[in-house]
2 protein chains.
Amino acid sequence: MKNKNSVIRLSRYKNALRRLKTMGFARIFSDNLADAIGVTPSQVRKDFSIFGISGNKRGGYQIDELIEHLNNILGKNTIKHAIIVGAGNIGAALAKYDGFEKDGIKIDAVFEADPLKVSSQAVIPVLHADQMIEFIQTNDIRIGIIAVPESSAQQVLDLMVLSGVKGVLNFAPIRLRAPKECVVNNVNLVLELENVIYFSNLLEKEAQEAEINI
Amino acid sequence: MKNKNSVIRLSRYKNALRRLKTMGFARIFSDNLADAIGVTPSQVRKDFSIFGISGNKRGGYQIDELIEHLNNILGKNTIKHAIIVGAGNIGAALAKYDGFEKDGIKIDAVFEADPLKVSSQAVIPVLHADQMIEFIQTNDIRIGIIAVPESSAQQVLDLMVLSGVKGVLNFAPIRLRAPKECVVNNVNLVLELENVIYFSNLLEKEAQEAEINI
DNA sequence: ATGTTTTTGTGAAAAAAATAACAAAACCCC
DNA sequence: GGGGTTTTGTTATTTTTTTCACAAAAACAT
């Protein structure tokens with residue numbers, strides 16, 4: 001898929017812009033934004049160019065307009081309801097996490113197979129897994145978050161797809177197979193940490209070698 | 001940085017291999033592995049080639065050997081201790097998450113500014129933030145996980161770096177500035193979900209347009 | 001007004017990543 | 001042991017992503 005990275009960066013720009021706005025900026029230049037998210041100014045302008053966002057020569061970009069534009073592209077004004085499946089460590093934390101709401105994403109319910117964890121009166125209700133399909137269908141849910149163990153992740157995904165879910169964020173450390181009409185995005189926490197370990201080890205090794213060569 | 005993606009895939013291969021091994025495989029071919037993590041067989045062989053991993057023509061790869069090799073490259077046998085800063089939703093969930101231990105990563109302690117959340121006798125002790133620097137130094141910690149709010153993330157990172165941390169996994173939705181001797185990897189949960197939303201919307205839009213053109 | 005500066009927008013160039021292609025090795029079968 | 005088959009390893013090709021570079025527009029100064 002083309003421009004995949006650009007889309008991710010658009011979200012980052014939006015984030016940074018919100019921050020910059022509260023700091024009192026009304027206008028912004030490509031190099032401010034670049035600095036804020038750690039890319040080159042060219043990259044910022046190229047990304048905007050791809051999505052038809054334009055500013056003013058010498059005047060930069062009007063922050064409000066820019067945020068509005070980004071929200072349109074990123075679908076702020078479309079589907080925003082999601083469910084979480086799995087009320088373990090990760091699932092429960094995500095349900096309580098306030099970052100989603102800030103961005104207009106509403107977690108409507110959590111589903112869990114263990115009856116002891118069910119509590120339908122909670123702020124975000126934890127319902128039994130058996131109710132998931134019906135819930136998705138009656139509430140027209142399109143986005144699902146999978147936070148169940150590796151062993152049941154594929155099964156959960158299959159049920160979600162069957163019920164009409166079109167996009168999934170998967171925390172189980174396994175590749176899931178989905179039909180092409182459903183997007184799956186993976187977050188693998190162990191992998192992310194291992195990656196940090198790998199590159200920090202590499203850095204240390206390089207530093208040591210550099211020392212020897214003095 | 002070159003080959004950044006290859007390293008990430010190596011972790012994925014390792015993951016898949018463990019699974020394949022429990023399924024009874026002793027040997028594996030590039031196309032099995034490719035299928036398991038969702039890339040092309042060429043990609044698998046290319047990745048291995050880059051890191052000097054070789055198999056047997058027609059015989060594929062010996063799983064045990066391959067895992068061993070990957071572990072070496074990914075530093076399974078070096079630094080593996082880490083701390084978490086922030087005992088909020090995310091921090092607490094990560095501390096309890098058993099995925100790290102399975103991969104030989106040990107979370108030694110959690111640090112938290114709120115005295116009410118401190119509990120030094122827990123399985124993974126939750127200590128007061130003031131003790132962080134000393135802990136890092138006396139235990140020679142190199143890896144830190146930041147799970148504090150956006151507003152204090154940079155401050156935490158600075159302290160970590162000062163104390164000797166060389167690699168950081170950051171969950172705060174903000175770009176952190178670190179000196180070049182410290183690697184920072186970001187996980188932005190909202191962004192990941194927004195990305196799913198964007199691409200699933202795109203898919204739905206495409207599907208609708210395709211319908212019109214029939 | 002005119003020149004100077006700043007900053008965008010984009011097409012061209014470079015770099016990086018992914019894919020394809022295929023020779024060479026290893027195995028199998030007869 | 002020769003011919004056919006499978007699978008690696010690597011080089012070549014293609015695609016994608018990022019960076020560069022600069023003309024054109026806007027703002028400012030004088």
Side-chain angles (χ1 to χ4, degrees), chain A residues 1-13 16-17 20 25-70 73 175 186 191 195 198-199 202, chain B residues 1-13 16-17 20 25-70 73 175 186 191 195 198-199 202:
Chain A
M1 201 181 305
K2 227 165 155 177
N3 299 331
K4 194 163 175 265
N5 297 354
S6 294
V7 177
I8 293 173
R9 281 192 300 267
L10 291 191
S11 283
R12 287 196 209 282
Y13 297 140
L17 283 168
L20 290 161
F25 290 90
R27 281 184 190 178
I28 209 77
F29 303 112
S30 60
D31 62 334
N32 304 135
L33 257 178
D35 197 50
I37 80 155
V39 296
T40 61
S42 290
Q43 181 92 81
V44 174
R45 298 201 298 277
K46 192 50 166 275
D47 285 338
F48 287 0
S49 170
I50 288 168
F51 287 93
I53 297 173
S54 60
N56 309 303
K57 295 214 161 119
R58 183 150 185 168
Y61 305 84
Q62 207 73 31
I63 285 195
D64 286 329
E65 255 177 51
L66 192 46
I67 291 177
E68 176 67 17
H69 213 141
L70 289 172
I73 293 167
R175 166 175 161 70
N186 297 289
L191 196 144
N195 208 235
Y198 174 80
F199 282 107
L202 201 66
Chain B
M1 200 182 305
K2 226 165 156 179
N3 299 331
K4 195 163 173 269
N5 297 354
S6 295
V7 176
I8 293 173
R9 281 192 300 268
L10 291 191
S11 283
R12 288 196 209 281
Y13 297 139
L17 283 169
L20 290 162
F25 289 89
R27 281 183 189 180
I28 208 80
F29 303 113
S30 60
D31 63 334
N32 304 136
L33 257 177
D35 197 50
I37 82 156
V39 296
T40 61
S42 284
Q43 181 91 84
V44 174
R45 297 200 299 274
K46 189 60 172 284
D47 285 337
F48 287 180
S49 170
I50 289 167
F51 287 94
I53 296 173
S54 60
N56 309 305
K57 294 210 161 124
R58 181 147 188 178
Y61 305 84
Q62 207 72 32
I63 287 198
D64 286 329
E65 254 177 51
L66 193 46
I67 291 177
E68 176 66 17
H69 212 140
L70 290 171
I73 292 167
R175 168 176 159 70
N186 297 289
L191 198 144
N195 207 236
Y198 174 80
F199 282 107
L202 201 66

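These values consider heavy atoms only, across backbone and side chains, with no hydrogens, waters or symmetry-generated copies.
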**Q** For residues A:Ser6 and A:Ile50, report the shortest heavy-atom separation together with the two atoms involved.
**A** OG-CD1, 3.8 Å

**Q** Rounded to whole angstrom units, what separation is found between the CZ atom of A:Phe51 and the P atom of D:dT17?
**A** 11 Å

**Q** How is B:Ser30 classified with respect to the nucleic acid when contacts are heavy atoms under 4.0 Å: base, sugar-phosphate, or nothing?
**A** sugar-phosphate

**Q** Is B:Lys46 side chain donor-acceptor paired with the C:dT19 base, going by distance under 3.5 Å alone?
**A** yes

**Q** Does OP1 or OP2 of D:dT17 have a side-chain N or O of A:Arg9 closer than 4.0 Å?
**A** no

**Q** Mind checking the CG-CG spacing from A:Asn195 to B:Leu10? Nearest 0.5 Å is all I need.
**A** 9.5 Å

**Q** What distance do B:Leu17 atom CG and B:Leu70 atom CG have between them, rounded to the nearest 0.5 Å?
**A** 6.5 Å

**Q** Which of residues 33-45 of chain A have a heavy atom under 4.0 Å from DNA chain C?
**A** A:Arg45

**Q** Which atom pair, heavy atoms only, marks the closest approach of B:Asp31 to B:Pro41?
**A** CB-CG, 3.7 Å

**Q** Using the side-chain heavy atoms of A:Lys4, tell me which of these nucleotides is nearest: D:dT17, D:dT8, C:dG9.
**A** D:dT17

**Q** Let me know which of A:Phe48, A:Phe29, A:Tyr13 forms a ring pair (Phe, Tyr, Trp, His ring centres under 6.0 Å) with A:Tyr61.
**A** A:Phe48

**Q** Using whole Å, report how far CG of A:Asp47 lies from P of C:dG9.
**A** 13 Å

**Q** CD1 of A:Ile53 versus P of C:dT7: gap in Å, rounded?
**A** 19 Å

**Q** Starting from P on C:dA17, measure out to CD1 on B:Ile50 and report it in whole angstrom.
**A** 9 Å

**Q** D:dA27 P sits how many Å from A:Phe29 CZ, rounded?
**A** 11 Å

**Q** OP1 or OP2 of D:dT10 sitting under 4.0 Å from any side-chain N/O of B:Ser49?
**A** yes

**Q** At under 4.0 Å between heavy atoms, how does the protein contact nucleotides 24-29 of chain C? Give one character per nucleotide, 5' to 3', with B, S or -.
**A** BBBB--

**Q** Suppose the criterion is salt bridge (Lys or Arg N to Asp or Glu O under 4.0 Å): which pairs have a residue in residues 33-53 of chain A, not counting sequence neighbours?
**A** A:Arg9-A:Asp47, A:Asp35-B:Arg177

**Q** Nearest 0.5 Å please: distance from the CD atom of B:Glu65 over to the CD1 atom of B:Ile63.
**A** 11.5 Å

**Q** Do the side-chain N or O atoms of A:Tyr61 get closer than 4.0 angstrom to the phosphate oxygens (OP1, OP2) of D:dA26?
**A** no

**Q** Under 4.0 Å between a side-chain N/O of B:Asn5 and OP1 or OP2 of C:dA16, yes or no?
**A** no

**Q** What's the NE2-C1' distance between A:His69 and C:dG9, to the nearest Å?
**A** 14 Å

**Q** Whole angstroms only, please: what is the CG-C1' distance between A:Asp31 and C:dT8?
**A** 11 Å

**Q** Closest heavy-atom contact between B:Ser11 and A:Leu191?
**A** CB-CG, 3.8 Å

**Q** Where is the tightest heavy-atom contact between A:Leu33 and A:Ala16, given as atom of each residue plus distance?
**A** CD2-CB, 4.2 Å

